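Here, residue 1 is the first one in the sequence, and each next residue gets the next number. Bear in mind that the values here come from a model prediction, so they are computed numbers and not experimental data. In what follows, every heavy atom counts, from backbone to side chain, and hydrogens, waters and symmetry copies are set aside.
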Amino acid sequence: MEISNAFLPSSTYPSNSAEISQNIGVPPPSNNWRFTEDKIFISTYPSRHNFDDQTEGFFSFTDNFGTEFVEKLKEFKNVASSLGEDSLESLKLVDAVLRLGIEYHFQEEIDRIIQCQYMKLKDDGYCEDGLYEVALRFRLFRQQGYHVSADIFNKFKGKDGKFKPILSQDMKGLMEMFEASQMNIEDEYILGEAENFSRHHLNALLERLVGDQARRIQNTLEHPCHKSLARLTARNFLHNFRVTKGWIKVAQDLARMDFKMVQSIHQNEIDKVSIWWNELGLSKELKFARNQPLKWYLWTVACLTDPRLSEQRIETTKPISLIYLIDDIFDIHGTLDELTLFTDAVNKWKFETTEQLPNYLKICFKALDDVTNEIAFKVYKMHGWNPVDSLKKAWGKLCNAFLVEAQWFASGCLPKAKDYLKNAVVSTGVHVVLVHIFFLLGEGITKEAVDALDQIPGIISSTATILRLWDDLGNAEDENQDGQDGSYVECYMKENHGSSVGEAREHVIQMITKTWKQLNHECLASNPFPASLKKASLNAARMVPLMYNYDGNHNLPSLEDYMKSLLSKTHP
């Protein structure tokens with residue numbers, strides 16, 4: 001696998017939170033950053049002339065950093081080759097690079113190891129392996145798209161059909177069993193049993209363990225790797241292995257260098273997004289709408305993790321910004337008559353239909369048309385397929401869903417919970433975003449895939465459902481509205497008289513768990529969509545809690561941490 005020097009970065013970074021705040025145009029906070037305040041995300045980033053020294057100077061192979069980075073890559077690739085593709089140690093290596101978020105350097109090695117391990121499983125079933133080994137293989141197989149049976153865990157059950165009590169003292173095995181259980185799909189009862197068993201006994205171990213062991217268990221329970229963003233959890237993984245030699249040490253060094261490299265790339269992208277947003281001018285014309293380009297960009301960083309997808313991240317930020325802007329138009333500014341006319345204009349996509357619109361909606365439609373055509377042209381140049389019809393259809397579906405919600409709440413009559421959620425899956429904007437990502441990535445573009453994509457397939461609707469339910473939970477908690485938030489929580493309580501907010505929230509949490517199983521199934525199922533789209537959909541679902549998981553002070557600490565990781569000098 002050829003090593004590229006295209007992503008070797010500058011060596012200067014903001015050194016602390018105060019410097020970060022200055023660089024993004026807001027005063028340094030006294031205690032913490034309140035991400036619930038729009039001003040944190042206002043697009044007042046440094047201009048190109050004072051940002052260059054932080055983001056532009058990518059290293060070449062002749063620079064010390066670049067030379068060392070390439071040598072580390074070669075060293076690690078040699079280590080991977082020497083371990084033996086059918087060994088347990090090779091699986092541990094695959095797990096490490098995935099958890100550290102550096103797998104894009106080693107995809108060929110990962111594919112080769114997993115394929116070899118899978119063939120060995122078919123031959124001998126790993127009959128002698130313990131809980132840790134079985135659970136690790138099972139999880140990695142499924143993460144890489146192999147639909148292996150969960151029945152492999154039956155070997156750890158006794159004659160009574162329950163997991164053997166002796167497993168309760170195997171901390172390492174229990175942690176990996178819990179991780180494997182997160183790959184659950186619907187009706188896989190044994191994985192549900194595995195999750196309950198491992199969670200119960202890990203919590204029991206927590207009561208008597210301290211230090212690193214307790215922290216490792218806590219991190220596993222709170223942030224299972226399948227449902228977490230590697231860039232956020234990598235630090236925990238690094239801290240779990242304080243070693244000074246061996247391939248783990250090489251992986252640690254490589255991950256730290258990669259973090260600096262990727263951080264510089266993202267800072268450069270933030271600058272470009274800021275320039276585009278300011279030149280677009282919508283924040284000046286539509287002052288009532290949110291002005292949070294950094295927040296919108298963070299979605300793309302989560303969905304498209306490969307540093308080489310810089311252009312795709314920048315381009316995807318554009319429709320995301322318009323989704324938020326149009327959402328605000330429907331929620332807080334437009335009259336029902338205006339919104340109806342605007343929705344009709346988007347569905348027909350003809351400028352003559354905008355003549356009756358007020359000026360602010362004409363400006364919005366013009367921006368939507370410009371961005372859509374520009375992206376469609378770029379896709380056509382890169383991949384030879386003009387996606388403009390699919391993009392326009394997606395925008396039409398979104399505005400239709402926004403209009404339905406506006407009509408519901410204008411009438412004062414809430415829909416049934418089922419009807420609310422069906423419409424809300426579209427109004428999240430997830431479909432619009434993933435349609436753009438699909439075409440910008442340019443993988444697997446066929447008529448079959450495009451037609452299926454237009455219908456909002458399960459790989460998209462599952463992620464959208466997770467987002468909507470988390471969003472409604474976050475709004476209810478953050479705004480302390482006691483179920484009066486026009487959300488799924490309120491619709492559910494209306495249908496289930498006597499239900500408390502707490503009971504409704506618990507129901508929603510169970511629905512999120514169920515929807516994750518559906519998303520897992522979609523990622524394993526045979527469909528016309530490429531692995532890159534499935535990964536983007538999974539990553540969007542992983543990002544959701546960061547955007548909507550408020551703490552007791554109505555802040556978003558996980559999102560704060562994620563943003564700091566992009567801008568701060570502090571690294572794993």
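A side-chain N or O of Glu269 and one of His266 form a donor-acceptor pair less than 3.5 Å apart. In the model, Arg542 has a side-chain atom that pairs as donor or acceptor with a side-chain atom of Asn539 under 3.5 Å. Tyr492 and Asp472 are not linked by any side-chain donor-acceptor pair at a separation below 3.5 angstrom, with hydrogens and angles left out of the test.
In this pair, His436 and Trp395 present their aromatic rings perpendicular. The plane angle is above 60°, beyond the 30 to 60° band. By the 30° and 60° cut-offs, the orientation of the rings of His333 relative to Tyr360 is perpendicular. Between Phe365 and Trp349, the ring-plane angle classifies as tilted under the 30° and 60° cut-offs.
Contact check for Phe288 versus Ile332: side-chain heavy atoms found under the 4.5 Å cut-off. At least one side-chain heavy atom of Arg468 sits less than 4.5 Å from a side-chain heavy atom of Leu421. Side chains of Met547 and Lys295 form a contact here, defined as non-hydrogen atoms less than 4.5 Å apart. Within the 4.5 Å cutoff, the side chain of Ile329 has no heavy atoms near those of the Phe342 side chain. Looking at heavy atoms from C-beta onward, Leu441 lies in side-chain contact with Leu309 at the 4.5 angstrom threshold.
Around the CD atom of Glu506, the shell of radius 6.0 Å holds more than 12 heavy atoms that belong to other residues, nucleotides or ligands. More than 12 heavy atoms of other shown residues, nucleotides or ligands fall within 6.0 angstrom of atom CD in Gln407.
Residues Asp370 and Lys366 are paired through a salt bridge, judged by an N-O separation under 4.0 Å between the basic side chain and the carboxylate. Using a 4.0 Å cut-off between a side-chain N of Lys or Arg and a carboxylate O of Asp or Glu, Arg99 and Glu179 qualify as a salt bridge.
Contact detail for Arg199 and Phe178: the closest heavy-atom pair is NH2-CE1, 3.6 Å. Nearest heavy atoms, Tyr488 versus Met511: OH-SD, 3.2 Å. Considering all non-hydrogen atoms of both residues, Leu339 and Ala406 come closest at CD1-CB, 4.0 Å. In terms of heavy-atom proximity, His431 sits nearest to Leu453 at NE2-O, 2.9 Å. What you find for Ala452 and Pro457 is that their closest heavy atoms are O-CD, 3.3 Å.
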Show which side-chain atoms of residues 319-327 pair as donor or acceptor with protein atoms under 3.5 Å away, not counting sequence neighbours.
residue, atom, partner, partner atom, Å
Ser321, OG, Lys318, O, 2.6
Tyr324, OH, Trp299, NE1, 3.0
Asp327, OD2, Arg290, NH2, 3.2

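Using a distance-only test at 3.5 Å, with no hydrogens or angles considered, a donor-acceptor pair links the side chain of Thr354 to the main chain of Phe351. A donor-acceptor pair under 3.5 Å is absent between the side-chain atoms of Arg139 and the main chain of Gln182, judged by distance alone. The backbone N or O of Ile459 sits nowhere less than 3.5 Å from a side-chain atom of Ser462 that would complete a donor-acceptor pair.
Among Arg142, Gln143, His226, Glu186, the one residue that satisfies the side-chain hydrogen bond (donor to acceptor under 3.5 Å, both in side chains) test with Asn520 is His226.
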Exercise for the section: For Leu98 and Gln144, run side-chain contact (heavy atoms from CB on, under 4.5 Å): C-alpha distance rounded to whole Å, both residues' side-chain angles, the deciding distance at 0.1 Å, then the answer. Expected result: CA-CA 11 Å; Leu98 290 171; Gln144 298 303 305; 3.8 Å; yes
